[in-house]
Structure formats: structure tokens, C-alpha cells
Amino acid sequence: MKKYLAEAVGTFVLTLLGCGTAVSLACGSDTASVVGTAMAFGLSVIAMAYTIGGISGCHINPAITLGCLMTKRISCKDATWYMIAQTAGAIVAAAVLYVFTQFSGASFEGTLTGANTCDGCGGSQIGGLIVEIVLTCIFVLVVLGTTDAKKGAGNFAGLAIGLSLILIHLVGIHYTGTSVNPARSIGPALFEGGIALTDLWVFIVGPFIGAALAACTWKAIGEE
């Protein structure tokens with residue numbers, strides 16, 4: 001039970017701090033806001049990796065959990081509960097962020113909750129899907145490689161994963177706001193509504209396909 005709770009807490013922190021930064025900086029309004037948001041997501045992952053990594057492995061992302069399931073690093077039961085806990089943590093974080101924006105008296109550009117949409121792809125859901133598949137594949141591949149018991153980076157894995165997430169956000173924010181994490185998208189979309197809900201399937205299906213491709217790739221190049 002503790003590892004499931006750890007996943008909920010970790011995803012809560014990632015969603016609140018990452019999306020919260022996106023909202024506070026009006027991400028996309030200028031280059032500084034994009035860089036700041038990218039760093040917030042990456043640093044949140046690094047912080048949680050060294051906080052709950054020893055408890056749950058710090059997936060805090062259903063796509064990562066799927067990658068671990070496909071490479072036989074987690075049981076089907078644990079994977080199911082991990083995903084449920086991650087989604088719950090993200091929803092609570094989005095609710096908290098929504099309250100922040102409602103009572104702050106501040107005026108924010110863009111979304112109220114850092115929700116993902118395909119606006120940067122010209123509104124094309126197929127374009128957004130391709131972006132999310134490719135970026136998630138890269139991200140999950142980094143996770144699988146750096147956390148491998150024999151070939152991984154050991155205690156430096158959390159740092160490598162967080163830094164890679166910064167790079168992925170720097171590329172993807174312009175197009176989709178960068179999800180690569182279904183839970184991180186579900187929570188904000190529920191409170192944002194509108195286009196965020198319409199496009200939500202992209203940010204669930206895309207990361208899962210990307211994670212599956214990453215697992216297959218790692219099996220091909222990393223497993224003996």
C-alpha cells in the first residue's frame with residue numbers, strides 16, 4: 001500500500017509544480033516561460049526520484065509503468081494500482097491548482113490548469129499524437145535504460161531522467177504543451193474542460209503507444 005501512496009504523492013507533486021509553473025509563467029508567451037516550465041517538470045521528477053524512488057521506483061507516470069510492465073519489472077497487479085494512484089494524485093493536484101487560480105486574483109494567460117491541447121499542431125490531433133508518441137518513446141527509453149539493474153546509471157538515474165524530461169519539454173511545449181504522461185494530462189483536463197477534454201485521448205493513447213515502442217526498443221538493444 002505504501003508504494004501506491006508514494007506514487008500518488010509523487011504524481012501530485014509533479015503535476016502541481018510542473019503545471020503550476022506553466023500557469024504562473026503563462027507558458028508559451030515567451031522563451032523564458034518555456035524554459036522555466038521545462039525545468040519545473042524535470043526538477044520535480046529529480047526531486048521525487050530521490051524522495052520516493054526507494055519506495056515505489058518513482059514511476060509517477062502511467063506510460064513509464066506500462067514500459068516497466070512490458071519489460072517484466074512490475075506485476076500486472078502493481079501496474080494497475082500504480083496507474084490508479086498516479087491518476088488520482090494528478091487529479092487532486094489539478095484541483096489544488098484550480099483553487100489557487102480561482103482565489104489568487106491574478107490573471108493568467110492560456111489554461112487555468114496547465115492542460116494539454118493540440119493547438120500548437122494547428123489543432124491537428126494526429127499531429128499531436130505523433131509528437132506525443134515520439135517524445136514518450138524517447139523518455140521511457142531513457143527511464144528503462146538508466147534504471148536497468150545491470151546496465152543502468154544507479155544513483156544517477158533520477159538525475160538523467162529529470163534532465164531528459166527538461167529536453168523533451170523544450171521540444172514539445174510548442175506543439176502539445178508536452179504530456180508524455182497520461183495522468184498529468186487527465187487531471188488538468190477534467191478542470192479545464194473544452195478543448196483540453198476533446199484532445200485528451202491524444203495524451204492518453206500517444207504516451208501509451210510511445211511507451212510500448214520504448215519497451216520493444218529496449219528489449220531489442222538492452223536485453224541479452
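Heads up: numbering here begins at 1 and tracks the sequence. What you are looking at is a predicted structure, and each value in this text was computed from that prediction instead of being measured. Quick note: numbers below take in every heavy atom, side chains included, and nothing from hydrogens, waters or symmetry partners.
Checking Val13, Thr15, Ile52 one by one against Ile60, the side-chain contact (heavy atoms from CB on, under 4.5 Å) holds for a single residue, Ile52.
Between Leu129 and Cys121, the closest side-chain pair of non-hydrogen atoms is not below 4.5 Å.
Leu112 and Leu197 fall within the same hydrophobic cluster, defined by Ile, Leu, Val, Met, Phe, Trp and Tyr side-chain heavy atoms under 4.5 Å apart, directly or through other members. The hydrophobic clustering, which links ILVMFWY residues whose side-chain heavy atoms are closer than 4.5 Å, places Val45 and Ile166 apart. Val131 and Phe203 are not part of a single hydrophobic cluster, where members link through side-chain heavy atoms under 4.5 Å apart. Hydrophobic clustering (side-chain heavy atoms under 4.5 Å, transitive across Ile, Leu, Val, Met, Phe, Trp, Tyr) groups Ile221 together with Leu144. When the side chains of ILVMFWY residues are joined at heavy-atom separations under 4.5 Å, either directly or via intervening members, Leu200 and Val202 end up in two distinct hydrophobic clusters.
The salt bridge (charged side-chain N to carboxylate O under 4.0 Å, His left out) pairs that include a residue from residues 160-172 number zero, where partners must be two or more places apart or lie in different chains. The stretch residues 123-158 participates, sequence neighbours left out, in no ring pair (Phe, Tyr, Trp, His ring centres under 6.0 Å) pair at all.
Interatomic distance, CG of Asn181 versus NE2 of His59, reported as 12.5 Å (0.5 Å rounding). With rounding to the nearest 0.5 angstrom, the OG atom of Ser56 is 3.5 Å from the CD atom of Glu7. Considering OG1 of Thr71 and CG of Leu66, their distance stands at 9.0 Å, rounded to 0.5 Å. We find the CD1-OG1 distance between Ile186 and Thr87 to be 4.5 Å, quoted to the nearest 0.5 Å. Note that CH2 of Trp218 and OG1 of Thr147 are 8.5 Å apart. Values are rounded to the nearest 0.5 Å. Atom SG of residue Cys118 and atom CD1 of residue Ile195 lie 9.5 Å apart, to the nearest 0.5 angstrom.
For Lys2 (side chain) and Ile55 (main-chain N/O), no donor-acceptor pair under 3.5 Å exists by modelled atom type. Under a 3.5 Å cut-off, the side chain of Thr11 and the backbone N or O of Ala8 do not form any donor-acceptor pair.
The salt bridge (Lys or Arg N to Asp or Glu O under 4.0 Å) test applied to Lys3 returns Asp78, not counting sequence neighbours. Every residue meeting the side-chain contact (heavy atoms from CB on, under 4.5 Å) condition with Leu16, not counting sequence neighbours, appears here in chain and number order: Phe12, Ala93, Val96, Leu97, Phe100. Residues forming a side-chain contact (heavy atoms from CB on, under 4.5 Å) with Ser44 (at least two apart in sequence, or on another chain): Leu14, Leu17. Partners of Ile46 according to the side-chain contact (heavy atoms from CB on, under 4.5 Å) rule, which considers only residues two or more places apart in sequence or in another chain, are Leu43, Tyr50, Leu159. For Ser185, the side-chain hydrogen bond (donor to acceptor under 3.5 Å, both in side chains) partners at least two apart in sequence or on another chain are Asn116, Ser179. With sequence neighbours excluded, the residues that form a side-chain contact (heavy atoms from CB on, under 4.5 Å) with Thr198 are Gln125. By the side-chain hydrogen bond (donor to acceptor under 3.5 Å, both in side chains) test, Thr113 pairs with Glu192, sequence neighbours left out.
Taking both residues in full, the closest heavy atoms of Thr51 and Ala47 are given as OG1-O, 2.6 Å, listed atom of the first, atom of the second, then distance. A pairwise comparison of heavy atoms in Cys19 and Arg184 identifies SG-NH1, 3.5 Å as the closest pair. Of all the heavy atoms in Ile74 and Ala79, the pair that sits closest is CD1-N, 3.7 Å. Heavy-atom minimum distance, Ala115 versus Ala196: CB-CB, 3.7 Å.
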Side-chain donor-acceptor distances from residues 168-177 under 3.5 Å, at least two apart:
| from | atom 1 | to | atom 2 | distance (Å) |
| --- | --- | --- | --- | --- |
| His169 | ND1 | Leu165 | O | 3.0 |
| Thr176 | OG1 | Glu132 | OE2 | 2.6 |
| Thr176 | OG1 | Thr178 | N | 3.1 |

Using residues 34-41 as the side-chain source, report each donor-acceptor pair under 3.5 Å to any protein atom, sequence neighbours left out, with the distance given to one decimal.
| from | atom 1 | to | atom 2 | distance (Å) |
| --- | --- | --- | --- | --- |
| Thr37 | OG1 | Ser33 | O | 2.8 |

Can you list, pair by pair, the side-chain donor-acceptor contacts under 3.5 Å of residues 207-217, counting residues two or more places apart and other chains?
| from | atom 1 | to | atom 2 | distance (Å) |
| --- | --- | --- | --- | --- |
| Thr217 | OG1 | Leu213 | O | 2.8 |

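Counted within 6.0 Å of OH on Tyr98, heavy atoms from surrounding residues, nucleotides or ligands total 12 or fewer; the atom is thus considered open. Annotation: Leu167, atom CG; neighbour count of heavy atoms from other residues, nucleotides and ligands within 6.0 Å is above 12.
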Chi angles and distances behind the side-chain contact (heavy atoms from CB on, under 4.5 Å) call for Thr80, Ile84: CA-CA 6 Å; Thr80 299; Ile84 292 172; 4.1 Å; yes
